[in-house]
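Treat the numbers as computed from the prediction; the structure is a model and nothing was measured.
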Amino acid sequence: MQIPHDTRRALDVVVALVNTAAEAEQPDGLADIGSLREFVREYEISDVGELGARDLAGVRTVRGKFAQVFGAPNPRTAAGLINELVATAGTTPQLTDHDGYDWHVHYFAPGASLGDHLAADGGMALAFIVVSGEQERLRRCEAPDCRRAFVDLSRNRSRRYCDSRTCGNRLHVAAYRARRKEADAGPSEQEEVVHGGQQQQGADHP
């Protein structure tokens with residue numbers, strides 16, 4: 001699947017944002033303004049001013065909306081959520097080549113809050129996926145103890161885990177050990193059945 005560079009970057013931010021949500025034993029990755037600043041720095045989000053409590057609340061709200069898109073049962077539901085996101089953000093497409101990057105499109109309005117910034121750019125990136133007929137690529141990890149979001153960019157849409165080197169390998173190892181345990185237990189169980197039958201036969205014929 002061919003995805004423009006700026007769209008791919010926006011999708012990376014969407015996925016990272018969704019995965020900051022508290023899950024089971026994982027604490028909220030956006031617990032305070034300091035962690036929000038770190039998120040902005042790590043993902044090189046441009047045109048961000050001084051951040052405050054309102055920004056933190058706004059970004060958490062957008063995070064929840066993005067998560068709903070990943071959980072949408074069909075493209076129509078996903079489209080409705082995305083339309084609401086970008087409409088609320090006041091989408092204003094602009095061509096830009098800031099910070100040495102080639103020309104690309106920003107969808108957030110000048111002076112937009114961080115929440116609207118993420119909603120506009122992330123919402124349009126998700127719109128690209130839906131318009132391409134690829135909504136099923138917006139997935140959650142299938143590992144029983146992991147629900148991290150990811151975008152399946154494999155050629156045949158076969159990716160099942162957020163990270164094959166962690167969740168994938170861990171489940172493969174667990175399945176292998178279970179098979180080995182079953183195989184090791186098999187002969188013993190069969191032997192018990194045989195011995196049990198012989199003992200019963202001996203009881204019938206003293």
Which pairs would a plain distance check flag for residues 27-36, meaning a side-chain donor or acceptor within less than 3.5 Å of a matching protein atom at least two apart in sequence or in another chain?
unit_1	atom_1	unit_2	atom_2	d
D28	OD1	L30	N	2.7
D28	OD1	R63	NH1	2.9
D28	OD2	R63	NH2	3.1
D32	OD1	G34	N	3.2
D32	OD1	S35	N	2.8
D32	OD1	S35	OG	3.1
S35	OG	A31	N	3.2
S35	OG	D32	N	3.1
S35	OG	D32	O	2.7

Using side-chain heavy atoms (C-beta onward) and a distance below 4.5 Å, is [X] in contact with [Y]?
X    : Y    : answer
T7   : V105 : no
D121 : V13  : no
P93  : M124 : no
Q94  : P110 : yes
V18  : R140 : yes
L17  : F66  : yes
L11  : I129 : yes
R9   : E44  : yes

Between Y43 and F39, how do the two ring planes meet: parallel, tilted or perpendicular, split at 30° and 60°? tilted

Relative to each other, are the rings of H117 and F108 parallel, tilted or perpendicular (30° and 60° limits)? parallel

Crowding at CZ, R157 (>12 non-hydrogen neighbours, <6.0 Å):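 More than 12 heavy atoms, drawn from other residues, nucleotides or ligands, come within 6.0 Å of this atom.
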
Salt bridge (charged side-chain N to carboxylate O under 4.0 Å, His left out) partners of residues 68-92, not counting sequence neighbours, each pair once: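 Salt bridge (charged side-chain N to carboxylate O under 4.0 Å, His left out) check on residues 68-92 returns K65-E84.
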
Distance from [X] atom [atom1] to [Y] atom [atom2], nearest 0.5 Å?
X    : Y    : atom1 : atom2 : value
S132 : R137 : OG    : CZ    : 9.5 Å
C146 : Q26  : SG    : CD    : 8.5 Å
D152 : R160 : CG    : CZ    : 11.5 Å

Between L85 and V131, is there shared hydrophobic-cluster membership here, with clusters defined by ILVMFWY side-chain heavy atoms closer than 4.5 Å?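 Looking at the clustering, V131 is in a separate group from L85.
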
Honestly curious: do F150 and V130 fall in one hydrophobic cluster under the side-chain, below-4.5 Å linking rule? no

Of all the heavy-atom pairs spanning [X] and [Y], show the shortest one and how long it is.
X    : Y    : answer
V14  : G122 : CG2-CA, 3.5 Å
C141 : Y161 : SG-CA, 3.7 Å
Q68  : L81  : OE1-CD2, 3.2 Å
D97  : W103 : OD2-CZ2, 3.6 Å
T91  : A120 : OG1-CB, 4.3 Å
E50  : D55  : O-OD2, 3.7 Å

Could you tell me whether E23 and R148 make a salt bridge, using a distance below 4.0 angstrom between a side-chain N and a carboxylate O?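 Salt bridge between E23 and R148, a charged N being under 4.0 Å from a carboxylate O: no.
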
Applying side chain to side chain contact (heavy atoms under 4.5 Å, CB included), name anything that partners D116, two or more places apart in sequence or on another chain. A89, A112, S113

Test your reading of the model: is there a side-chain donor-acceptor pair from R159 to the backbone of R139, 3.5 Å cut-off? no

